[in-house]
Structure formats: structure tokens, C-alpha cells
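Right, one structure below, let's go through it.
Since the model is a prediction, treat every value here as computed from it, not as a measurement.
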Amino acid sequence: GTYAGLKMIRYQNGIFKDGGNLPGMYESLRFLTIDNENGIWASHPYRGIYKIDLNKDTSAYTATLLTQKEGLPSSLENHVFRIKNRVVFGTVKGVYEYDENQKKFIPSPFLAPILGTTPVRYLNEDNDGNIWFCSGKKLGLIDYSKLDNKGSPAIIFFPEIDGQVLSGFENVFPYNRENVFIASEKGIIHLNYEKYK
């Protein structure tokens with residue numbers, strides 16, 4: 001994804017090669033993910049969600065813009081992620097998924113019961129299956145190793161990082177439980193999650 005649409009990168013003989021821009025549309029497609037049927041999804045924070053279909057020989061694509069008309073709580077501030085083998089969308093009113101049968105967005109069946117309508121700008125699944133998220137300038141974690149008596153995972157916030165998350169460029173790299181690196185406005189923050197056990 002580039003500021004001018006999609007670019008093809010081909011891998012041949014152990015080398016990545018520039019396959020050029022694909023005809024389709026001239027739009028910033030910074031946030032991309034692929035679903036289980038090889039469909040491409042892109043989010044644009046100021047437009048909505050694009051469902052992208054490559055043609056058979058992958059030489060061009062068509063894109064369909066999906067907005068509030070298709071069930072998003074807003075056409076603004078939507079971000080696409082692949083979490084737990086599903087394509088999900090962080091929105092101003094929680095996490096949504098696209099229901100292909102209904103042709104509309106619905107609250108995520110597995111994350112909406114946990115996060116409710118918490119605004120979500122960023123999601124990242126770590127190697128333990130926990131989900132790091134950003135809501136505004138707050139960092140949180142859905143910790144599946146800590147279940148309550150109903151079997152729901154714990155939600156942990158890190159108040160010492162409040163206000164430091166880099167808006168628009170949120171990034172959490174959970175190398176392991178002792179070494180989690182967070183992009184902040186002042187550089188990289190190192191977090192040892194083990195101390196929260």
C-alpha cells in the first residue's frame with residue numbers, strides 16, 4: 001500500500017522486485033490486510049474501508065468504498081487489522097467485522113463483548129495470543145492468561161504510558177513478556193509486562 005494505491009512487489013529467485021503500481025485507484029492505502037479468502041482490505045482514516053479485489057492475473061484491481069451506509073459507526077477513524085485469524089476494524093465505537101452474508105459491518109463477535117464501545121485505533125496480537133490495543137493515547141492489553149470467573153480475559157491498562165502513544169503511528173512490538181517496545185512521542189518506551197503478573 002502506498003500514497004498512490006497498490007504497488008506489486010514480486011519475489012523471484014530469492015529477490016524482491018518492484019512490479020510497479022497496479023491500475024485501480026489513486027488513493028492512500030497505508031493500512032492493508034488479507035482475509036482468509038485472499039481478499040484485500042484497506043482502511044483510510046478519513047474515507048472508510050476499501051474492499052479490494054485483484055483481477056485474475058493480479059495486474060489490476062477494483063476497490064469498493066464501504067462507509068456508515070454499510071454499518072460502520074463513522075466513515076472516519078477506521079483501521080484494519082488481522083487478529084486471531086480474522087479481519088477486524090478498530091473504530092470510534094469499538095471493534096467491528098464485516099459480515100459477508102449481510103453485506104454490512106457488525107460489532108466483532110469476539111472483541112465487542114470484551115472492549116464494548118471503547119474507541120480503538122490500533123490492535124496487535126502477540127505470540128501468546130494476547131491483544132495489545134491503543135484507545136486514544138492509552139495503551140491496553142487483553143490478557144488471555146488471566147480469565148475471570150466467566151472465562152473473559154483481563155483488560156490491563158498501563159497508566160505510566162498514558163499520553164505518550166504516538167498518535168497516527170501507533171506501534172507496539174511485543175518481543176516477549178519482558179521486552180515490549182512502544183513507539184512514543186519521545187522515542188521508544190521499553191515495558192516489562194512480567195511485572196504486571
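- Of all heavy-atom pairs spanning F158 and G140, the tightest one is CE1-C, 4.2 Å.
- Across every non-hydrogen atom of S59 and N55, the tightest pair is N-OD1, 2.9 Å.
- In this structure, the side chains of H79 and R121 come closer than 4.5 Å at one or more pairs of heavy atoms.
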Distance-only criterion, 3.5 Å: show the donor-acceptor pairs between side-chain atoms of residues 126-133 and protein atoms not counting sequence neighbours.
unit_1, atom_1, unit_2, atom_2, d
D126, OD1, D128, N, 2.9
D126, OD1, G129, N, 3.1
D126, OD1, N130, N, 2.9
D126, OD2, W132, NE1, 3.1
N130, OD1, Y144, N, 2.7

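- For H44, there are no ring-ring contact (aromatic ring centres under 6.0 Å, His included) partners at least two apart in sequence or on another chain.
- A donor-acceptor contact shorter than 3.5 Å is absent between the side chain of T117 and the backbone of K93.
- Heavy atoms of other residues, nucleotides or ligands lying less than 6.0 angstrom from NZ of K137 number more than 12.
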- [ ] Show the numbers, then the answer: is there a side-chain contact (heavy atoms from CB on, under 4.5 Å) between I142 and L115?
- [x] CA-CA 9 Å; I142 302 171; L115 291 172; 3.9 Å; yes
- [ ] For the pair I182 and I188, evaluate side-chain contact (heavy atoms from CB on, under 4.5 Å) and give the outcome as yes or no after the intermediate values.
- [x] CA-CA 6 Å; I182 300 114; I188 302 294; over 6 Å; no
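- The hydrophobic clustering, which links ILVMFWY residues whose side-chain heavy atoms are closer than 4.5 Å, places L123 and L166 apart.
- For Q68, the side chain to side chain contact (heavy atoms under 4.5 Å, CB included) criterion is met by S75, not counting sequence neighbours.
- Of all heavy-atom pairs spanning P45 and F31, the tightest one is CG-CE1, 3.9 Å.
- The hydrophobic cluster containing Y50 also includes L6, M8, L22, M25, L29, L32, I34, I40, I52, L54, Y61, L65, under a criterion of side-chain heavy atoms closer than 4.5 Å among ILVMFWY residues, counted directly or through chains of members.
- Y98 is linked by a ring-ring contact (aromatic ring centres under 6.0 Å, His included) to W41, F105, counting only residues two or more places apart in sequence or in another chain.
- Between the side chain of E170 and the backbone N or O of C134, no donor-acceptor pair lies under 3.5 Å.
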TODO: Starting from the C-alpha separation in whole Å, work towards a yes-or-no answer on side-chain hydrogen bond (donor to acceptor under 3.5 Å, both in side chains) for S74 and N78.
DONE: CA-CA 8 Å; S74 170; N78 300 296; 5.5 Å; no
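- In this structure the side chain of Y193 never reaches within 4.5 angstrom of the side chain of P174, judged on heavy atoms.
- We find the CG-CG distance between L139 and D162 to be 8.5 Å, quoted to the nearest 0.5 Å.
- Evaluation of the ring-ring contact (aromatic ring centres under 6.0 Å, His included) test over residues 159-186, restricted to residues two or more places apart or in two chains, returns F181-H190.
- Minimum heavy-atom separation, R86 to F110: CD-CE2, 3.4 Å.
- Both I156 and V172 are assigned to one and the same hydrophobic cluster, defined by single-linkage of ILVMFWY side chains at heavy-atom distances under 4.5 Å.
- Counting heavy atoms from C-beta on, the side chains of N179 and N192 never come closer than 4.5 Å.
- Using a 4.5 Å cut-off between side-chain heavy atoms of Ile, Leu, Val, Met, Phe, Trp and Tyr, with links allowed through other members, V88 and L66 fall into different hydrophobic clusters.
- In this structure, OG in S152 is found 6.5 Å from CD1 in I114, a value given to the nearest 0.5 Å.
- Applying the under-4.5 Å side-chain rule to Ile, Leu, Val, Met, Phe, Trp and Tyr, the cluster around L76 extends to Y46.
- Residues satisfying the salt bridge (Lys or Arg N to Asp or Glu O under 4.0 Å) criterion with R82, sequence neighbours excluded, are absent altogether.
- With sequence neighbours excluded, the residues that form a side chain to side chain contact (heavy atoms under 4.5 Å, CB included) with Q12 are R10, K17.
- For residues 101-114, the pairs satisfying side chain to side chain donor-acceptor pair (under 3.5 Å) are E97-S108, D99-Q102, E100-K103, with sequence neighbours left out.
- Applying the under-4.5 Å side-chain rule to Ile, Leu, Val, Met, Phe, Trp and Tyr, the cluster around I9 extends to Y11, F16.
- Of all heavy-atom pairs spanning R47 and T67, the tightest one is O-CG2, 3.6 Å.
- One finds the CG atom of L141 at 9.0 Å from the CG atom of L191 (value rounded to the nearest 0.5 Å).
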Task: Test log, rule side-chain contact (heavy atoms from CB on, under 4.5 Å), inputs F81 and Y122 - done: CA-CA 8 Å; F81 306 96; Y122 177 83; 4.2 Å; yes
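- For the pair P107 and V95, the minimum side-chain heavy-atom distance is 4.5 Å or more.
- Checked by atom type and distance alone, the side chain of S135 never pairs as donor or acceptor with a backbone atom of K138 at under 3.5 Å.
- Residue pairs meeting the salt bridge (charged side-chain N to carboxylate O under 4.0 Å, His left out) criterion with at least one member in residues 52-72, sequence neighbours excluded: K51-D53.
- S43 pairs with exactly one of T33, V80, T91 by the side chain to side chain contact (heavy atoms under 4.5 Å, CB included) rule, that one being V80.
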